[in-house]
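Notes follow the structure.
Bear in mind that the values here come from a model prediction, so they are computed numbers and not experimental data.
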Amino acid sequence: MRVLVVTAVPPERDAVTRAAPCPPQPVELPGTAELRRVVWLPGPPGAEVELDALAAGVGPAAAAAGTATALTAAVLAGAPYGLVVSAGIGGGFGLAPGRAVVASRIVAADLGAETAEGFLPVTELGFGTSVHLPPAGAARELAGAVDGILGPVLTLSTVTGTARGAAELVRRYPDAAAEAMEGFGVAEAAAGYGVPVLEVRTVSNAVGPRDRAAWRVPEALSALTGVFRAAAPLLGTWTTSGMPRGSHG
């Protein structure tokens, strides 16, 4: 199993690779993007997992471009990835700092049009999609392995900074668990290559009014390391038995 983990910034990438028992090795990509590669044996005999962690940049466009670059390089090298994971910290809807969220749906929450009647997602305009569905069985297994919440993760180019904005998101997506800025971009690129995608976030702050004093970034990054440490045996199992797909109902 070769896994590509895409984060926004180097501290998130490094939080992921700290979960491995061996130090990461740098891997150059075309352009300026740089991977960190770790290999470990967390599962049954022979279940070697090679994980590449990429800090692709902030926002869905940078995430999509970085993911596509890494996927292309892997295919050209004859070693394609079997799974892509969008990972990092993010805002939580009513969740405590450090709590893990695994996406049941990856939603482009601000991709669409404002109208007199309210927001219309891009799908209702007849253009493309605004939702990617991770393999449901795999998402459930991952959420269980990391003691996480399973729920929709919203992708926004402009993160929420007001109570009014948070209330509007809750109105449109009442079951949303977290928001971040990259998941949908990563999922778009993965879909173009036919590679399954998951998203996992650890909560650093509440979605709503910006209060930097209340952010718990170090705690969220530490929790992200813990998530990948807990997920390693599951990745090893998937290496030997295949990822469960399941149904979204």
Side-chain angles (χ1 to χ4, degrees), residues 2-8 12 52 54 56-72 74-75 80-93 100-113 119-143 146 148-159 169 172-202 207 227 231 235 238 242-249:
R2 297 192 72 232
V3 180
L4 174 65
V5 179
V6 183
T7 70
E12 292 171 321
D52 288 349
L54 171 66
V58 175
T67 303
T69 298
L71 289 171
T72 300
V75 169
Y81 293 105
L83 172 66
V84 177
V85 182
S86 175
I89 65 176
F93 290 91
V101 175
V102 176
S104 58
R105 304 196 309 275
I106 301 171
V107 183
D110 58 1
L111 182 61
F119 177 81
L120 287 179
V122 70
T123 48
E124 294 188 27
L125 300 174
F127 306 123
T129 184
S130 59
V131 178
H132 284 286
L133 299 177
R140 283 194 299 269
E141 284 196 5
L142 180 60
V146 304
I149 297 294
L150 182 65
V153 177
L154 310 183
T155 299
L156 297 103
S157 296
T158 302
V159 295
L169 286 178
R172 284 162 40 200
Y173 308 103
D175 56 347
E179 74 165 26
M181 300 181 73
E182 293 79 31
F184 188 80
V186 173
E188 280 278 273
Y193 280 79
V195 181
V197 64
L198 297 169
E199 182 172 9
V200 59
R201 297 282 166 180
T202 51
V207 176
V227 160
L235 295 177
W238 290 347
M243 288 179 59
R245 298 294 170 151
S247 171
H248 285 272

message: One pair to check against side chain to side chain contact (heavy atoms under 4.5 Å, CB included): Leu83 and Leu235. What are the steps and the verdict?
response: CA-CA 10 Å; Leu83 172 66; Leu235 295 177; 4.1 Å; yes

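- Contact detail for Ala190 and Thr67: the closest heavy-atom pair is N-CG2, 4.5 Å.
- Counting heavy atoms from C-beta outward, Tyr193 and Thr72 have side chains that approach closer than 4.5 Å.
- Side-chain contact between Arg105 and Leu133 is present, with heavy atoms from C-beta onward closer than 4.5 Å.
- When Val153, Leu142, Val227 are each tested for a side chain to side chain contact (heavy atoms under 4.5 Å, CB included) with Val102, only one passes: Leu142.
- When atom types are taken as modelled, the side chain of Arg201 and the backbone of Ile89 share a donor-acceptor pair closer than 3.5 angstrom.
- We find the OH-CG distance between Tyr81 and Leu4 to be 5.0 Å, quoted to the nearest 0.5 Å.
- Between Glu12 and Ala8, the shortest heavy-atom contact is OE1-N, 3.0 Å.
- With contacts defined as side-chain heavy-atom distances shorter than 4.5 Å, the pair Pro244/Pro135 does not qualify.
- Smallest separation of non-hydrogen atoms from Gly82 and Pro196: O-CG, 3.4 Å.
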message: Under the criterion side chain to side chain contact (heavy atoms under 4.5 Å, CB included), I'd like the reasoning laid out for Leu156 against Leu169: C-alpha separation, chi angles, the key distance, then a yes or no.
response: CA-CA 11 Å; Leu156 297 103; Leu169 286 178; 4.1 Å; yes

message: As a quick check of understanding, evaluate side chain to side chain contact (heavy atoms under 4.5 Å, CB included) for Thr129 and Phe184, giving each step before the final call.
response: CA-CA 10 Å; Thr129 184; Phe184 188 80; 4.3 Å; yes

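- Shortest non-hydrogen contact noted between Ile149 and Ala177 is CG2-CB, 4.3 Å.
- The distance from the CE atom of Met243 to the CG atom of Leu198 is 5.0 Å, given to the nearest 0.5 Å.
- The heavy-atom pair separating Leu71 from Ala189 by the smallest distance is CD1-O, 3.8 Å.
- Proximity of Met181 to Val159: side-chain heavy atoms (C-beta onward) are separated by under 4.5 Å at one or more points.
- Scanning all heavy atoms of the two residues, the minimum distance from Thr123 to Ser130 falls at CG2-N, 3.5 Å.
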Intermediate values then yes/no, side chain to side chain contact (heavy atoms under 4.5 Å, CB included), Glu182 and Thr155: CA-CA 6 Å; Glu182 293 79 31; Thr155 299; 6.0 Å; no

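- The shortest side-chain heavy-atom distance between Val131 and Val107 falls under the 4.5 Å cut-off.
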